[in-house]
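All remarks here apply to the structure that follows.
In this chain, numbering begins with 1 at the start of the sequence shown.
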Amino acid sequence: MRSFFFKHRGLFFIPLAVAIIFMGKPTYTSFSIGIIIAIIGELIRIWGVGYAGATTRKDNVTAPFLVTAGPFSIVRNPLYIGNTLTGLGFTIVGCGATSVPVTATFFILWFLFYFTVYGIIIPHEEAFLKETFGNPYIEYCKRVHRIIPQFKPYPNAQGEFNSKAILNAESRTLIQFAIFTAIMILKMPQGILAGKLFFS
């Protein structure tokens, strides 16, 4: 089951995205607050992808070497933290002028999908890394928390930042981010007006 969730992890977040697109009513305030959180999440993800590389796009758990540098030196799952923040940000964006039941639905979906899916696939990844790297990974886990960042970086961290890896592995996510942002802008009253003027 964990392998199935890992392979299809991206699909489980589609219901939340669809709900926000069709039922969300962003306002200037909700967009301003939410997009900042979403951008912070994406920047954390980009930082992590720069170290982890294209393995972040694989359908099965794989790791050519143990990455403990960059964001991985302060928390073990920076990409998932980034994804969760980005999801939270866009959830806030969509909640602007929605009713209480719709807002509650958005946040329930956000919590359900992110925490359930990651609660399943993180242990799956950890089992693979423990089996693959043994004691070095066990020692790393003792010093660095799964999801709570620490102020003191992991000593003797290994791994290098590769900007090319971002282009190779993160371009699809950046395109999706841009498209979703554009949709939210167009859903705002000002955005709808601008869209009508542009296409008229």
inquiry  = Is there a side chain to side chain contact (heavy atoms under 4.5 Å, CB included) between Glu170 and Arg45? Walk through the geometry before answering.
reply    = CA-CA 9 Å; Glu170 197 63 8; Arg45 181 178 166 83; 2.7 Å; yes
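- Within the 3.5 Å criterion, the main-chain N or O of Phe113 finds no donor-acceptor partner in the side chain of Thr116.
- Criterion: ILVMFWY side-chain heavy atoms under 4.5 Å apart, direct or through other members. Under it, Phe22 and Ile92 are part of a common hydrophobic cluster.
- Linking ILVMFWY residues whenever their side-chain heavy atoms come closer than 4.5 Å, directly or via other members, leaves Ile138 and Val67 in distinct clusters.
- Residues Leu112 and Ile122 do not share a hydrophobic cluster, clusters being chains of Ile/Leu/Val/Met/Phe/Trp/Tyr side chains in contact below 4.5 Å.
- Annotation: side chain of Gln158 is not in contact with side chain of Phe65 (no heavy-atom distance under 4.5 Å).
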inquiry  = If you apply the rule side chain to side chain contact (heavy atoms under 4.5 Å, CB included), what do you find for Thr181 with Phe90, and how did you get there?
reply    = CA-CA 8 Å; Thr181 300; Phe90 280 122; 3.6 Å; yes
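- Leu79 and Leu167 fall into different hydrophobic clusters, where Ile, Leu, Val, Met, Phe, Trp and Tyr are joined by side-chain heavy atoms under 4.5 Å apart, directly or via other members.
- Under a 3.5 Å cut-off, the side chain of Arg76 and the backbone N or O of Val144 do form a donor-acceptor pair.
- Every residue meeting the ring-ring contact (aromatic ring centres under 6.0 Å, His included) condition with Tyr140, not counting sequence neighbours, appears here in chain and number order: Tyr154.
- With hydrogens and angles disregarded, a donor-acceptor distance shorter than 3.5 Å links the side chain of Asn77 to the backbone of Arg146.
- Taking both residues in full, the closest heavy atoms of Ala69 and Ala157 are given as CA-CB, 3.6 Å, listed atom of the first, atom of the second, then distance.
- Atoms CD1 and CG, from Ile36 and Leu85 in turn, are 13.0 Å apart once rounded to the nearest 0.5 Å.
- The cluster map of Ile, Leu, Val, Met, Phe, Trp and Tyr, joined by side-chain heavy atoms under 4.5 Å apart, puts Ile108 and Val100 in different clusters.
- The distance from atom OG of Ser163 to atom CG of Asn168, rounded to the nearest 0.5 Å, is 9.5 Å.
- A parallel orientation is assigned to the rings of Phe13 and Tyr114, their planes being inclined by less than 30° (bins at 30° and 60°).
- Separation of atoms CG (Leu186) and CD1 (Ile21) is listed at 11.5 Å; rounding is to 0.5 Å.
- The CZ atom of Phe180 sits 12.0 Å away from the CD1 atom of Ile185 when rounded to the nearest 0.5 Å.
- Of all heavy-atom pairs between Ile35 and Val93, the closest is N-CG2, 3.6 Å.
- At least one side-chain heavy atom of Glu42 sits less than 4.5 Å from a side-chain heavy atom of Ile46.
- Between atom CG of residue Leu88 and atom CG of residue Leu16 there is a gap of 10.0 Å, rounded to the nearest 0.5 Å.
- Note: Tyr51 and Phe72 fail the aromatic proximity criterion, with ring centroids not under 6.0 Å apart.
- Sorted by first and then second residue, the salt bridge (Lys or Arg N to Asp or Glu O under 4.0 Å) pairs with a member in residues 147-166 form an empty list; sequence neighbours excluded.
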Asn83 and Tyr118: CA distance, side-chain angles, deciding distance, side chain to side chain contact (heavy atoms under 4.5 Å, CB included) verdict = CA-CA 10 Å; Asn83 289 346; Tyr118 291 153; 3.0 Å; yes
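- For Met184 against Pro26, the heavy-atom pair with the smallest separation is O-CG, 3.3 Å.
- Ion pairing of Lys130 with Glu126 is absent here, as no side-chain N (NZ or NE/NH1/NH2) approaches a carboxylate O to less than 4.0 Å.
- The minimum heavy-atom distance linking Thr68 with Asn156 is given by the pair OG1-O, 4.3 Å.
- Qualifying ring-ring contact (aromatic ring centres under 6.0 Å, His included) partners for Phe111, counting only residues two or more places apart in sequence or in other chains: Phe115.
- Taking both residues in full, the closest heavy atoms of Gly53 and Ala169 are given as O-CB, 4.0 Å, listed atom of the first, atom of the second, then distance.
- Considering all non-hydrogen atoms of both residues, Thr84 and Trp110 come closest at O-NE1, 3.2 Å.
- Looking only at distances, no side-chain donor or acceptor of Thr91 sits under 3.5 Å from a matching main-chain atom of Phe107.
- A distance-only check finds no donor-acceptor pair linking the side chain of Ser30 to the backbone of Gly94 [under 3.5 Å].
- Considering CD1 of Ile20 and OG1 of Thr105, their distance stands at 11.0 Å, rounded to 0.5 Å.
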